[in-house]
2 protein chains.
Amino acid sequence: MYPVNIKLMNKKTYHHGNLEEALLTVGMKEAKASGFRNLGVTHLAKMVGVTPMAVYRHFPSGENLKAAISQQAREELARRMLEALENEEDVKRKFMATGREYIRFGLEEPGLFAVAFIDCDASPQREDNPSARAILHDAILDLCNEGLVKPAELESVANFAWSIVHGFAMLASGNNPFRPEISPSVIENLLERSWLGVTQFSK
Amino acid sequence: MYPVNIKLMNKKTYHHGNLEEALLTVGMKEAKASGFRNLGVTHLAKMVGVTPMAVYRHFPSGENLKAAISQQAREELARRMLEALENEEDVKRKFMATGREYIRFGLEEPGLFAVAFIDCDASPQREDNPSARAILHDAILDLCNEGLVKPAELESVANFAWSIVHGFAMLASGNNPFRPEISPSVIENLLERSWLGVTQFSK
DNA sequence: GTTTGATGTTGACGGGATACACATGAGCCT
DNA sequence: AGGCTCATGTGTATCCCGTCAACATCAAAC
């Protein structure tokens, strides 16, 4: 019934050695190229040169694998936000850079951005690290420390700023029937209005 | 090879009579109940009491059917926005009501909201009618006519207001890792900040 | 009353997710 | 050394889904 000798074909070893990481890597590559469309178990397994069932030794289900890739995408976004922050000192410039990078990510990496916020059956096992939410929250905390935002309003300000960049990125990224005009000036205008809403609300 | 006499089983007639509309109706019901997860050709066909292939007489592909249901969901959103506007006279109250209803839709109908903005291979054949975008645009146009917004800024203001409500609804609806706290006061605070950003920008 | 075209049905094929049984091989125990 | 064990892969089978080609039904046009 079963063949006595397995043909290893073009594989060097029977065991892959680092399948989990390899799956996440090709998953990110596919996500970058085509969003959530090619993140199936069979397809990713084929990319890595492994049988579909091998995937289940590392992820309980295809949905879990997708959730893990989604988390990787969110962490990539967060990493880029951190990078954009690195060279800014002024709190306003930090705040603006954070939002600008968030939007830029949505525009330049629509595939990753879509996957980052895909609605998934499975939840990630660990917290995002780095976390885009935490980064934005810290930026607003800085504004509190500078006296530009009342500590009592920290949460509502964070909601506000977050909603703006996330909403714009969502609408501008991918194939949306409500896609807005996109230009650097449109984005800067949006960020300026955001700054106004954040700092001038309770005068 | 093929049976000479078809058993009609529990069907009254061989032809359904209104299959296209029926598919959209059950599609909306399924979307309301579980988002995009049960919008497959086979499933919807079964719901309507018809063979999967019958669907293709009305929609070129399953993706097209999904796009049609997505459009229905967007139009439902737009209809609710219009309803919320009906009893408001003041331009500010109209503006606020529009945004509030958008967010309320995201919170109360997460399934429909997700489907409304699903990333779909196929595009809708006709324009949305009514269109949520047009309704929001009109609300800002009113602000122009009242002198509260400069006509030259109409587009950027629309972008701004739209991004806020869409972003918040997206983050607050469904299973998002960045889901914010949700309460009426949080929403009113957001709308007030939006109003400020819309009207006070160019003073 | 026949023809015809719109609308449904069957059956088949290809592909995806995943359950179960089996294979491989590196490291540990004796 | 020689063998046991367990994590990790493979093979096969099953079920479901989307879709094609061929055939069936029926109402309306002629």
Side-chain angles (χ1 to χ4, degrees), chain A residues 1-27 30-31 34-70 118 120-122, chain B residues 1-27 30-31 34-70 118 120-122:
Chain A
M1 196 67 125
Y2 291 93
V4 180
N5 291 319
I6 305 275
K7 302 289 206 264
L8 290 183
M9 305 178 66
N10 47 1
K11 288 185 60 178
K12 301 238 191 305
T13 61
Y14 187 91
H15 291 290
H16 182 284
N18 213 350
L19 184 50
E20 178 172 337
E21 190 185 323
L23 284 170
L24 293 177
T25 302
V26 294
E30 290 293 299
S34 51
F36 55 83
R37 279 174 230 292
N38 298 118
L39 299 185
V41 171
T42 304
H43 181 70
L44 294 180
K46 211 165 286 182
M47 293 285 114
V48 177
V50 121
T51 292
M53 282 311 295
V55 173
Y56 294 89
R57 297 296 182 186
H58 302 270
F59 299 92
S61 75
E63 209 65 14
N64 269 83
L65 171 53
K66 227 183 295 187
I69 296 169
S70 175
I118 197 172
C120 213
D121 264 348
Chain B
M1 197 68 125
Y2 290 94
V4 179
N5 290 319
I6 304 276
K7 301 288 204 265
L8 292 183
M9 302 177 66
N10 48 0
K11 288 184 58 176
K12 302 239 190 303
T13 61
Y14 186 91
H15 291 293
H16 181 283
N18 213 351
L19 184 51
E20 178 172 338
E21 190 184 324
L23 284 170
L24 293 177
T25 302
V26 293
E30 289 294 297
S34 51
F36 55 84
R37 281 174 227 293
N38 297 118
L39 300 185
V41 171
T42 304
H43 181 71
L44 293 180
K46 210 166 288 183
M47 292 284 114
V48 178
V50 122
T51 292
M53 282 310 294
V55 172
Y56 293 88
R57 298 296 180 188
H58 301 273
F59 299 92
S61 74
E63 209 65 12
N64 269 85
L65 171 53
K66 227 183 297 190
I69 296 169
S70 175
I118 199 172
C120 211
D121 265 346

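Throughout, protein chains are lettered first and strands after them, A, B, ... in sequence-line order, and every chain is numbered starting at 1.
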Exercise for the section: Let me know the distance between CD of A:Glu20 and C1' of D:dA7, rounded to the nearest Å. Expected result: 13 Å
Handout entry: B:Leu23 CG to C:dG8 C1', straight-line distance once rounded to whole Å
Key = 12 Å
Exercise for the section: Using atom NE2 of B:His43 as one end and atom P of D:dC16 as the other, report the distance to the nearest whole Å. Expected result: 13 Å
Exercise for the section: Would you give the length of the straight line joining atom CG of B:Leu23 to atom NE2 of B:His58, rounded to the nearest 0.5 angstrom? Expected result: 7.0 Å
Fill in the blank from the handout: Atom CG of A:Leu44 and atom C1' of C:dT18 are separated, to the nearest Å, by 15 Å
Practice task
Count the heavy atoms of every other residue, nucleotide or ligand shown that sit under 6.0 Å from CD of B:Glu63, and state whether that count exceeds 12.
Solution key: yes
Problem - Atom-to-atom span, CE of B:Met47 to P of D:dC16 - whole angstrom - result: 14 Å
Exercise for the section: Under the side-chain contact (heavy atoms from CB on, under 4.5 Å) rule, what do B:Leu39 and B:Ile69 come out as? Steps first, then yes or no, please. Expected result: CA-CA 9 Å; B:Leu39 300 185; B:Ile69 296 169; 4.2 Å; yes
Fill in the blank from the handout: Between the CE atom in A:Met47 and the CG atom in A:Asn38, the distance rounded to the nearest 0.5 Å is 8.0 Å
Practice task
Let me know the distance between CG of A:Asn18 and P of D:dT8, rounded to the nearest Å.
Solution key: 11 Å
Exercise for the section: Specify the separation, in whole Å, of atom CG of B:Leu39 and atom C1' of D:dC17. Expected result: 14 Å
Practice task
Just do the side-chain contact (heavy atoms from CB on, under 4.5 Å) check on B:Lys66 and B:Phe59 with the steps written out, would you?
Solution key: CA-CA 9 Å; B:Lys66 227 183 297 190; B:Phe59 299 92; over 6 Å; no
Problem - N or O in side chain of A:Thr42 less than 4.0 angstrom from C:dG15 OP1/OP2 - result: no
Handout entry: Selected nucleotide, minimal atom distance to B:Val41 side chain, candidates C:dT9, C:dT18, D:dT19
Key = D:dT19
Practice task
Rounded to the nearest 0.5 Å, what's the gap from CG on B:Asn64 to CG on B:Asp121? Could you check?
Solution key: 9.5 Å
Practice task
Please work out which residues in residues 53-66 of chain A have a non-hydrogen atom less than 4.0 Å from an atom of DNA chain D and list them by number.
Solution key: A:Met53, A:Ala54, A:Arg57, A:His58
